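In this text the structure is predicted, and so the values were computed from the model without any measurement.
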Amino acid sequence: MVKKNACVFISGTGTNLKALIKNSREYNFPINIKCIISSTKKASGLNYAKKYKIPYYILNLNSQLNLEMTLLKLKENKVSLVCLAGYMKILKKNFFIKFNGTVINIHPSLLPKYKGLGTFKRVLESKDKITGCTVHYVNDKLDSGKKILQKKVFVNLNDSEKTLKAKVKQIEYKAYAEAVIRMYK
Ligand code: GRF
């Protein structure tokens with residue numbers, strides 16, 4: 001199988017990045033993670049880049065120069081898929097005009113419910129019985145691109161934001177992998 005080249009964009013703990021790296025090492029997983037871009041040098045997820053010896057760049061896309069550098073790195077690494085994984089910046093129109101590839105994201109709610117931040121608090125406040133995560137295509141509008149896949153979990157009466165977050169993260173790792181497989185099958 002000829003794998004597609006992917007780049008993962010992170011800003012934080014990078015546990016989804018770790019799961020994607022592990023999956024990408026499977027012979028039949030459709031993507032190879034060629035590089036990692038972090039919007040901050042403080043992202044602890046960068047430790048996975050180091051551990052798995054994947055090139056990484058700190059580029060926060062806050063300037064034209066950063067945008068050009070990001071596009072250059074994607075081009076150099078022949079990247080056709082960008083996976084956002086806890087990436088805390090909004091990609092602007094210019095990025096989509098200039099990047100000749102696909103961008104996907106994982107969001108910790110059943111979109112279109114609870115776009116943006118603070119999803120777990122809102123799930124608990126709304127007394128939802130079920131929540132989950134969504135893998136979706138990304139455009140320049142927040143959490144609004146076409147859905148690829150969703151996975152659900154039950155919300156228990158004693159769930160807190162912390163327990164819910166932990167529960168959703170566990171299904172995120174599977175959801176991201178399955179979504180990537182679905183895209184290229
Ligand atoms: C995940 O919950 C993801 O849904 C959201 O940000 C979180 C990232 O976690 N977009 P991690 O950095 O992958 O651990």
Query raised in the report: With side chains defined as the heavy atoms from C-beta onward, is the minimum distance between Thr70 and Phe99 less than 4.5 Å?
Result: no

Query raised in the report: Taking side chain as C-beta onward, heavy atoms only, is Ile21 less than 4.5 Å from Val8?
Result: no

**Report entry** For the student: nearest non-hydrogen atoms of Asn23 and Tyr173, plus distance
**Finding:** ND2-O, 4.4 Å

Query raised in the report: side chain to side chain donor-acceptor pair (under 3.5 Å) between Asn47 and Ser44: does it pass, once the steps are laid out?
Result: CA-CA 6 Å; Asn47 289 324; Ser44 57; 5.5 Å; no

Requested in this report: Check whether more than 12 heavy atoms from other residues, nucleotides or ligands sit under 6.0 Å from atom NZ of Lys89, and answer yes or no.
Outcome: yes

Query raised in the report: Could you give the distance from CD (Gln64) to CG (Leu61), rounded to the nearest 0.5 Å?
Result: 10.0 Å

Query raised in the report: Hey, is the main chain of Lys141 close enough, under 3.5 Å, to the side chain of Asn139 for a donor-acceptor pair?
Result: yes

Report task. Output the rest of the hydrophobic cluster of Leu110: all Ile, Leu, Val, Met, Phe, Trp and Tyr residues reachable through side-chain heavy-atom contacts under 4.5 Å, sorted by chain and number. Result -> Ile130, Phe154

Report task. Scan Thr15, Ile33, Ile106 and name whichever one has a side-chain contact (heavy atoms from CB on, under 4.5 Å) with Leu20. Result -> Ile33

Query raised in the report: If two hydrophobic side chains count as joined below 4.5 Å and joins carry through other members, does Tyr57 share a cluster with Met69?
Result: yes

Query raised in the report: Can a salt bridge be assigned to the pair Glu125 and Arg122 using a cut-off of 4.0 Å between side-chain N and carboxylate O?
Result: no

Query raised in the report: Minimum heavy-atom separation for Tyr87 to Leu59, with atom names?
Result: OH-O, 4.4 Å

Query - Distance-minimising heavy-atom pair for Tyr184 and Leu81 - result: OH-CB, 3.5 Å

Query - Sub-4.5 Å side-chain heavy-atom contact between Ser38 and Tyr56 - result: no

**Report entry** Working for side-chain contact (heavy atoms from CB on, under 4.5 Å), residues Lys34 and Asn32
**Finding:** CA-CA 6 Å; Lys34 293 283 288 181; Asn32 197 3; 4.2 Å; yes

Query raised in the report: Are any side-chain N or O atoms of Asn60 and backbone N or O atoms of Asn62, one a donor and one an acceptor, separated by less than 3.5 Å?
Result: yes

Report task. Determine yes or no for a side-chain-to-main-chain donor-acceptor pair under 3.5 angstrom, with Arg182 supplying the side chain and Ile148 the backbone. Result -> yes

Query - 4.5 Å side-chain heavy-atom contact, Met88 and Ile10 - result: no

**Report entry** Distance in Å, Glu172 CD paired with Thr134 OG1, rounded so as to fall on 0.5 Å steps
**Finding:** 9.5 Å

**Report entry** Within-4.5 Å side-chain heavy-atom neighbours: Gln150 and Val135
**Finding:** no

Query raised in the report: At what distance, to the nearest 0.5 angstrom, does CD1 of Ile37 lie from CG of Leu84?
Result: 10.5 Å

Query raised in the report: Is there a side-chain contact (heavy atoms from CB on, under 4.5 Å) between Lys162 and Phe120 once you walk through the steps?
Result: CA-CA 8 Å; Lys162 199 175 161 199; Phe120 306 113; over 6 Å; no

Requested in this report: Kindly indicate, with the supporting measurements, whether the criterion side-chain contact (heavy atoms from CB on, under 4.5 Å) is fulfilled by Lys169 and Thr13.
Outcome: CA-CA 12 Å; Lys169 276 215 169 172; Thr13 49; 3.4 Å; yes

Report task. List the steps, then state whether side-chain contact (heavy atoms from CB on, under 4.5 Å) holds for Tyr137 with Val103. Result -> CA-CA 6 Å; Tyr137 290 100; Val103 186; over 6 Å; no

Query raised in the report: Which atom names give the shortest non-hydrogen contact between Val168 and Gly132, and what distance separates them?
Result: CG1-O, 3.7 Å

Query - Test: Lys92 and Asp140 ion pair at under 4.0 Å - result: no

Requested in this report: For residues Leu71 and Phe95, determine if any side-chain heavy atom of one lies less than 4.5 Å from a side-chain heavy atom of the other.
Outcome: yes

Query - Between SG on residue Cys133 and CD on residue Gln170, distance to nearest 0.5 Å - result: 11.0 Å

Query raised in the report: Any link between Ile54 and Val180 through a network of hydrophobic side chains (Ile, Leu, Val, Met, Phe, Trp, Tyr) touching at under 4.5 Å?
Result: yes

Query raised in the report: Under a 4.5 Å side-chain heavy-atom rule over Ile, Leu, Val, Met, Phe, Trp and Tyr, are Met183 and Val138 clustered together?
Result: no

Report task. Would you check if Ile31 and Asn5 make a side-chain contact, meaning some heavy-atom pair closer than 4.5 Å? Result -> no

**Report entry** Nearest-0.5 Å distance, OG1 of residue Thr131 to NZ of residue Lys152
**Finding:** 10.5 Å

Query - side-chain hydrogen bond (donor to acceptor under 3.5 Å, both in side chains) pairs, two or more places apart, involving residues 95-115 - result: Glu68-Lys98, Asn105-His136, His107-Ser109, His107-Asp143, Lys113-Asp128, Tyr114-Ser126, Tyr114-Asp128, Lys115-Ser144

Requested in this report: Heavy atoms only: give me the nearest Cys7-Leu74 pair and the separation to one decimal.
Outcome: CB-CD2, 3.6 Å

Query - Any Pro30 side-chain heavy atom under 4.5 Å of Lys3 side chain - result: no

**Report entry** Co-membership, hydrophobic cluster, residues Phe9 and Ile36, 4.5 Å side-chain
**Finding:** no

Query raised in the report: Should Lys151 and Glu178 be marked as a salt bridge (Lys or Arg N to Asp or Glu O under 4.0 Å) after you check the CA-CA gap, both sets of side-chain angles, and the distance that decides it?
Result: CA-CA 10 Å; Lys151 271 197 187 293; Glu178 282 177 34; 3.2 Å; yes

Query raised in the report: Would you say Lys41 has more than 12 foreign heavy atoms packed within less than 6.0 Å of its NZ?
Result: no

Report summary line: Of all heavy-atom pairs linking Lys167 and Val155, the shortest is NZ-CA, 4.4 Å

Query raised in the report: Just wondering, are more than 12 heavy atoms of other shown residues or ligands nearer than 6.0 Å to CG in Leu142?
Result: yes

Query raised in the report: Taking a hydrophobic cluster as the set of Ile, Leu, Val, Met, Phe, Trp and Tyr residues connected by side-chain heavy atoms closer than 4.5 Å, whether directly or through intermediates, do Leu149 and Val153 fall within one such cluster?
Result: no

Query raised in the report: Side chains of Ser11 and Ser39: is there a donor and an acceptor less than 3.5 Å apart?
Result: yes

Report summary line: d(Lys75 NZ, Lys73 NZ) to nearest 0.5 Å is 13.0 Å

Report task. Without swapping roles, check the side chain of Ser160 against the backbone of Thr163 for a donor-acceptor pair under 3.5 Å. Result -> yes

